[in-house]
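Chain letters run A, B, ... following the sequence lines, proteins first and then strands; every chain starts at 1.
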Number of protein chains: 2
Amino acid sequence: MTESTPPSRRQLVAGAADMIRRRGLNATSIREVAKHAGTPLGSTYHYFPGGKRQLATEAVRFAGDTVARMLGKRLEAGPVDGLRAFLGLWREILTSTDFHAGCPVLAVSIEEAADGERHAVLTAAAEVFAGWETMLAGSLREYGAGSPEAEQLATLVVAATEGAVAMCRAQRSTQPLDRVAAQLESLLTTTAVN
Amino acid sequence: MTESTPPSRRQLVAGAADMIRRRGLNATSIREVAKHAGTPLGSTYHYFPGGKRQLATEAVRFAGDTVARMLGKRLEAGPVDGLRAFLGLWREILTSTDFHAGCPVLAVSIEEAADGERHAVLTAAAEVFAGWETMLAGSLREYGAGSPEAEQLATLVVAATEGAVAMCRAQRSTQPLDRVAAQLESLLTTTAVN
DNA sequence: GTCTATACGAAGATAGAC
DNA sequence: GTCTATCTTCGTATAGAC
C-alpha cells in the first residue's frame with residue numbers, strides 16, 4: 001500500500017468493484033476479474049494473499065473513497081449541492097450502464113458469507129456508509145440543522161438513494177431516483193439554510 | 001397453481017425466498033434449497049421446469065405478496081400505521097435473524113444475470129415494488145396528500161426502508177432503520193391527516 | 001410421477017515451474 | 001517475483017431407473 005502500487009493491482013481492485021456493482025459479490029469470480037484486467041490468475045493471489053475476501057474488501061473501500069472525494073468537494077457549496085451531486089452520481093451510473101450497474105457497497109451488504117461467519121467486507125461496507133453519513137451530517141449542522149435531525153437526515157439520504165438505485169435497476173427507469181430526489185431536496189431545503 | 005399445490009412445492013418456494021434474502025440470488029443453490037426442504041434435487045425440476053429462474057421468480061412474488069397482505073391490513077388504519085407496520089416488519093426480520101436476513105426483492109434487483117440477459121426475476125421484483133408503492137400512495141391520497149406528492153412519498157418510503165435494511169445488516173445495528181423511521185414518520189404526519 | 005446417479009462446467013485456491 | 005497447471009468442491013441441469 002505504502003510502497004509503489006503496481007498498475008495491475010489497481011486495475012484488479014477497480015475491476016472487482018465494477019463487477020461487484022453489476023453482479024453482486026458471490027457472482028464475481030477472481031478468474032474473470034483477472035481476465036478482465038489482463039493479469040494471470042496466480043498474480044491475484046500474489047497481490048491479495050487473502051484471496052477473494054481481501055480483493056472485495058479493497059474494492060469496497062476503493063468505491064467508497066471515490067464517492068467520498070466527490071461528495072466532499074460538492075459539500076463545500078452546501079448540503080443541497082452535496083445531495084444533488086450524490087444523487088447525480090448514481091443516476092449517471094445507472095443510465096450510462098443501461099441499468100446494469102448499481103452500488104458495490106450495497107451489494108456486499110446483503111450477501112451473507114457462505115460459511116456464515118462475518119467477514120471483513122461487511123465491516124468495510126459499514127465504514128463506507130458511516131463515512132458518507134458523517135460528511136452529510138456535518139454539512140447539515142454547518143448549515144443550521146439540529147443535532148439529532150442532521151444525523152437522521154444524513155442516514156435518510158444515503159438509505160433512500162441506495163434503495164432507489166436498486167429499484168431503478170429492477171424497473172429499468174430512473175423514476176424512483178427522481179422521485180426520491182424531489183422529496184429529499186425539498187426536505188433538506190426546509191431544514192437547512194442554503 | 002390452480003390445482004392443489006403440493007406442500008413440498010410450497011416449501012421450496014418459501015425456502016428459496018429465505019435463502020435469497022440471506023445470501024442473495026447467485027449464492028442460492030437449488031441443491032441446498034432442495035436439501036433444506038427435504039425434497040430430492042430431481043423434484044425441484046419437476047415442480048419448476050424453468051429451473052432456478054422460475055423458482056426465484058416465484059420466491060420473489062411469494063415474499064412480495066406476504067408483505068403486501070400485511071401492509072394492506074395495516075393501511076386500513078391510515079398511512080402512518082401502514083408505515084409503522086412496514087418498518088416494524090423489516091426491523092423484526094433483522095433482529096430475529098441477528099442481521100443475517102434482509103429483503104429478497106432487493107437482493108434479486110442488484111444481481112445482473114450471468115448471461116447478461118434480462119430475466120423474469122427482475123420483472124417480478126419491479127412489480128412487487130410497484131405494488132407496495134401503489135398501496136402506500138393510495139392510502140396517502142385518501143388521507144389528503146396531493147397527487148405528485150403521494151407517489152413521491154410512497155417511493156421514498158420503500159426506497160429508504162430497503163436501503164436502511166441493507167445498512168443495518170452491514171453495521172449489525174437497527175440504527176439506520178430507526179433514524180429513517182423517525183424522519184419518515186414526521187414527514188408523513190405533516191403531509192397527511194391521521 | 002419420484003427420485004438416484006451422473007454429466008459437464010466453473011468456482012476458489014495452491015504447488016511448483018520459470 | 002510471475003505465471004501455468006492442477007486439485008477439490010460445488011454449481012445447474014438431465015437421463016433414466018423405480
Inset, instruction - Could I get the full list of side chain to side chain donor-acceptor pair (under 3.5 Å) partners for B/Glu32, not counting sequence neighbours? - result: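 B/Glu32: side chain to side chain donor-acceptor pair (under 3.5 Å) contacts with B/Arg23.
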Inset, instruction - Find out if a path of hydrophobic residues (ILVMFWY) with successive side-chain heavy-atom gaps under 4.5 Å connects A/Leu106 to B/Phe99. - result: no
Legend entry - side chain to side chain donor-acceptor pair (under 3.5 Å) partners of B/Thr174, counting only residues at least two apart: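 By the side chain to side chain donor-acceptor pair (under 3.5 Å) rule, B/Thr174 matches B/Arg91, B/Asp178.
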Legend entry - Close approaches to DNA chain C from residues 100-112 of chain B, in residue order (heavy atom, under 4.0 Å): none
Inset, instruction - Using only heavy-atom distances, determine whether the side chains of A/Tyr47 and A/Ser8 contain a donor-acceptor pair under 3.5 Å. - result: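 Checked: A/Tyr47/A/Ser8 side chains pair up, N/O donor to acceptor below 3.5 Å.
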Legend entry - Between C/dT4 (P) and B/His46 (NE2): distance, integer Å: 15 Å
Inset, instruction - Measure the CG-CG distance between B/Leu71 and B/Leu136 for me, rounded to the nearest 0.5 Å. - result: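 Interatomic distance, B/Leu71 CG to B/Leu136 CG, rounded to 0.5 Å: 5.0 Å.
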Inset, instruction - Specify the separation, in whole Å, of atom NZ of A/Lys35 and atom C1' of D/dT4. - result: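 Rounded to the whole Å, the gap is 15 Å.
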Inset, instruction - Determine the sole option in A/Arg53, A/Arg9, A/Arg10 for which the side-chain hydrogen bond (donor to acceptor under 3.5 Å, both in side chains) test with A/Glu58 is passed. - result: A/Arg9
Legend entry - Letter per nucleotide, 5' to 3', of nucleotides 11-18 of chain D [B base touched, S only sugar-phosphate touched, - untouched; heavy atoms, 4.0 Å]: BBBB----
Legend entry - Counterpart residues, side chain to side chain donor-acceptor pair (under 3.5 Å), relative to A/Arg22 (two or more places apart):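 Only A/Asp18 meet the side chain to side chain donor-acceptor pair (under 3.5 Å) criterion with A/Arg22.
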Inset, instruction - Apply side chain to side chain donor-acceptor pair (under 3.5 Å) to A/Glu162 and list each qualifying residue two or more places apart in sequence or on a separate chain. - result: none
Legend entry - Whole-Å gap separating P (D/dT2) and CZ (A/Phe48): 13 Å
Inset, instruction - Could you tell me whether the phosphate oxygens of D/dC3, OP1 or OP2, come under 4.0 Å of any side-chain nitrogen or oxygen in A/Ser43? - result: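 Answer yes for this pair, as a side-chain N or O of A/Ser43 is under 4.0 Å from OP1 or OP2.
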